[in-house]
Number of protein chains: 2
Amino acid sequence: MRPKLTLKQIARELDVSISTVSKALRDSPEIGEETRKKIKAFAKLYNYRPNNIALSLKNRKTKTIGIIIPEIVHYFFTTVISGVEQVANEKGYNVIVCLSNNSFDKEVLNLELLANGSTDGFILSIAKETMQKEDYHHLIEVINQGMPVVLFDRVVDEIHCDKVIIDDVIGAKKAVQYLIDNGAKKIGLVSTVDYVSVGKLRTRGYLEVLRNNNVEVQENLILKIEDMDNSETEIKEFIDKNDVDAVFAVNEHFAIHAIKALQEKGLKVPEDVSVIGFTDGELSKRFIPSLTTVSQHGERMGAEAARLLIDKLERKPEEEESYKTVIVETSLVERNSTKS
Amino acid sequence: MRPKLTLKQIARELDVSISTVSKALRDSPEIGEETRKKIKAFAKLYNYRPNNIALSLKNRKTKTIGIIIPEIVHYFFTTVISGVEQVANEKGYNVIVCLSNNSFDKEVLNLELLANGSTDGFILSIAKETMQKEDYHHLIEVINQGMPVVLFDRVVDEIHCDKVIIDDVIGAKKAVQYLIDNGAKKIGLVSTVDYVSVGKLRTRGYLEVLRNNNVEVQENLILKIEDMDNSETEIKEFIDKNDVDAVFAVNEHFAIHAIKALQEKGLKVPEDVSVIGFTDGELSKRFIPSLTTVSQHGERMGAEAARLLIDKLERKPEEEESYKTVIVETSLVERNSTKS
DNA sequence: TTTCAACACTCAAACGTTTTCGCAAAATAG
DNA sequence: CTATTTTGCGAAAACGTTTGAGTGTTGAAA
């Protein structure tokens, strides 16, 4: 076992000072040709690499960005991480991932831990519990200490920082417009109750498009799921008793249950009824039929967040402080659950 | 903006020495009651937290473990991360995640980067390209430097370290035995070509169980998919021309295509034909019908890997070096694609 | 011969901690 | 009232690095 080489050891070995070694390796003109070559050769031979921790301490930056998400076994979040990672890597940054498990306490803990020198900034999606408590002091604290934070997906107005979000209303409008353009008249909506912000916004998009196209809004064609655990039965009943020629569901899960219910009713998807979902996850791609869906482009969101953060980190101190909110456009991915 | 507080600032503010502050905060008996209280109150008021980087440098350990995986948008790997994270957190460790994207070069880069002081040890699943090249010098190098490494899932004999794997053969046996126990006689196998180790091992399990139960092996009931892109058609043809009463597929994807082909042939799953998959991902849980499947327990694997690593990290230096390989048992998760 | 610049290097401080050692002053013992 | 112990605190080194300032030698210009 050969422990890591340090400048000090090289210096002792070659009988020069530590600073000489450091300067030689960084090609300082202060060091003579011969000495420099000798040192470089030695360093190469024994595979010297500077210690990151020491560098971080010296430079007061770690070249590491922390990302705190509510859960990791979750398609959307992994695509975001993937996007962050790509951009971070390009710019020479590392990514350290922490999970809040949707718990307020764990979010606070992780944030405090990483804020003590481990990272230069944060990319974060707020935990469910934190949103319920509406307690953001930990985030505000960290921002006040001068640490840049970028919020994505779940964001709140109370926190002043850069943000990356999608436009749920426009996403929903794209989907419903697509259905109308392809001849649908009786479009069912399977949504969540209104206090889930995503459900509310997507419902708004649905309503707007119907009005814009002079399609009458039929209240009975709108289903708002209360109890997620019982969504399957609710959707089945909804489909059974209503006559629709298209369905817009606010997530993948609702979409596939709608498809199943339609099939059991003797209808074919997409021949008789078209179905569109929201969130382009594994399930949308691989369900049979595969789902036409509104994609949230998690990877782009991650990349955008990383760019915002790194811009802040590398900004000259004299530049004006300003916070941006980037809206990443959704797009409709056409697959086999809609006819066109 | 209030920058982070340091010992030095507290010392200056309270007109004592840095060491006094440090000792007071760590409840050293050297410091008098009064001074200690004063310092602690001040630190609390201004929310002092020691700088992790400085601590890492001093202690020569970072309390951080690196995990390098081939991809993150992948159900299995996320469950592993989740398991690692839980155990790591319990023991006061952070997790830094890097992606190799299945590229040899990126794996080497990440490893070298993190090995220079950023982490105390690694948990790693080898990149596809690395396995093809059979070049593991970067891993061996890191291990030689005294950094503990735990390999999981994709492991190789050439590397001497702790390992966490599942037993594919036993997993497959459980599945096929279950089918036989429930009356199946003509069990189709949808596998990959033999040079994919997973396909080979799971096929072996299938064959062993048939022999053990004196069921004749019919070569025509075994499908080995060459071309993943064309798997759908291959499976459809296979199902169409063969008469089976059960199917064992070596992954989720094959399983759902088998189900679809069966349904299109006019057969019902699970009433007429039972289907079992491998890998308990999103799709298995949420496909309709949901899939009975062999679960690999990624979370357990991650937890196990983290435990092995942390044991190594906290082992006294005088203790004997030894490498373990932990086999995490698979288990059969019964859902709606099999009758029982 | 003196002066000075160029060269090639070393010293020392700094980043923020912890910890060993040393040293006064106060408290106790003799 | 002196001798010794205890108490309370500070100085300094260490972790590994970078970097501005300082130093000694050489060779050339004045």
Side-chain angles (χ1 to χ4, degrees), chain A residues 3-40 42-43 46-64 113-120 145-147, chain B residues 3-40 42-43 46-64 113-120 145-147:
Chain A
K4 290 241 63 160
L5 200 58
T6 67
L7 289 182
K8 196 192 280 196
Q9 288 166 45
I10 301 183
R12 198 184 320 131
E13 212 67 38
L14 298 180
D15 210 37
V16 290
S17 79
I18 295 179
S19 18
T20 304
V21 179
S22 173
K23 286 172 181 167
L25 292 175
R26 322 193 91 243
D27 281 320
S28 159
E30 282 182 65
I31 305 301
E33 169 103 8
E34 205 181 341
T35 322
R36 180 158 26 113
K37 278 193 175 162
K38 184 178 65 178
I39 291 174
K40 284 197 151 188
F42 188 91
Y46 291 103
N47 197 33
Y48 169 78
R49 295 272 181 283
N51 180 306
N52 286 330
I53 296 291
L55 284 178
S56 296
L57 186 59
K58 184 108 229 314
N59 303 331
R60 262 98 85 54
K61 53 181 156 180
T62 60
K63 284 278 190 174
T64 301
L113 196 74
L114 297 189
N116 296 319
S118 303
T119 62
D120 296 341
Q145 280 175 11
M147 185 152 294
Chain B
K4 291 242 64 164
L5 201 58
T6 67
L7 290 183
K8 196 191 282 193
Q9 291 167 44
I10 302 183
R12 198 185 320 132
E13 212 66 38
L14 298 180
D15 210 38
V16 290
S17 77
I18 296 180
S19 22
T20 303
V21 179
S22 173
K23 286 172 188 167
L25 293 176
R26 321 193 92 244
D27 281 320
S28 158
E30 281 182 65
I31 305 301
E33 171 104 8
E34 202 181 343
T35 323
R36 183 160 21 116
K37 278 192 176 162
K38 182 179 64 176
I39 292 174
K40 282 197 153 191
F42 188 91
Y46 291 103
N47 196 32
Y48 170 77
R49 293 274 180 282
N51 181 305
N52 285 331
I53 296 291
L55 283 178
S56 295
L57 186 60
K58 183 111 227 319
N59 302 331
R60 261 96 85 54
K61 52 180 155 181
T62 61
K63 284 277 189 176
T64 300
L113 196 73
L114 297 189
N116 294 319
S118 304
T119 62
D120 295 342
Q145 281 176 10
M147 185 152 294

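Proteins come first, then strands; the chains are lettered A, B, ... in the order of their sequence lines, and each starts at number 1. FYI, side chains are in, hydrogens and waters are out, and symmetry mates aren't considered; it's all heavy atoms of this structure.
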OP1, OP2 of D:dA13 versus side-chain N and O of B:Lys58: anything below 4.0 Å?
no
Under 4.0 angstrom, heavy atoms only, what part of the nucleic acid is B:Ser28 near: base, sugar-phosphate, or nothing?
nothing
State whether the distance check finds a donor on one side and an acceptor on the other, under 3.5 Å, for side chain A:Lys23 versus base C:dT10.
yes
Taking OP1 and OP2 of D:dA12, is either one under 4.0 Å from a side-chain nitrogen or oxygen of B:Ser19?
no
By nearest atom, which of the nucleotides C:dC9, C:dT18, D:dC15 is closest to the B:Ile18 side chain?
C:dT18
What's the spacing between A:Thr119 OG1 and A:Met147 CE if we round to 0.5 Å?
5.0 Å
Figure out the NZ/C1' separation between A:Lys61 and C:dG16, and round it to whole Å.
18 Å
Looking at A:Ser22, I'd like to know whether one of its side-chain N or O atoms comes within less than 4.0 Å of OP1 or OP2 on D:dT18.
yes
Give the rounded distance in Å between these two atoms: CG of A:Asn51 and P of C:dC15.
18 Å
Figure out the CD1/P separation between B:Ile31 and D:dA11, and round it to whole Å.
13 Å
Checking D:dC15, C:dC15, C:dT18 against the side chain of B:Leu57 (C-beta onward), the nearest is D:dC15
In whole Å, I'd like the distance from the CD1 atom of B:Ile39 to the P atom of D:dG8.
13 Å
Roughly how far, to the nearest 0.5 Å, is NZ of B:Lys58 from CZ of B:Arg60?
9.0 Å
Take atom NZ of B:Lys37 and atom P of D:dG8, then tell me their distance rounded to the nearest Å.
13 Å
A:Thr6 side chain near D:dC15 phosphate (N/O to OP1/OP2, under 4.0 Å):
no
Could you state the CG-P distance from B:Asn59 to C:dT19, rounded to the nearest angstrom?
7 Å
If you measure from the Lys or Arg side-chain nitrogens to the Asp or Glu carboxylate oxygens, is any gap between A:Lys37 and A:Glu33 under 4.0 Å?
yes
Check this one for me: any side-chain N or O of B:Lys8 less than 4.0 Å away from OP1 or OP2 of C:dC15?
yes
Output, in order, the C-alpha distance, side-chain angles, deciding distance and verdict of side-chain hydrogen bond (donor to acceptor under 3.5 Å, both in side chains) for A:Lys4 and B:Asn116.
CA-CA 8 Å; A:Lys4 290 241 63 160; B:Asn116 294 319; 2.8 Å; yes
Interatomic distance, B:Glu30 CD vs D:dT6 P [rounded to whole Å]:
15 Å
Can you tell me if the side-chain N/O atoms of A:Tyr48 get under 4.0 Å from OP1 or OP2 in D:dG16?
no
Would you say C:dT17 has OP1 or OP2 under 4.0 Å from some side-chain N or O of B:Arg26?
no
Give a yes or no answer on whether the side chain of A:Thr64 reaches the backbone of A:Thr62 with a donor-acceptor pair at less than 3.5 Å.
yes
Rounded off to whole Å, could you give me the CG-to-C1' distance for the B:Leu7 and C:dT18 pair?
9 Å
When you check the phosphate oxygens OP1 and OP2 of D:dC9, does a side-chain N or O of B:Arg36 lie under 4.0 Å from one of them?
no
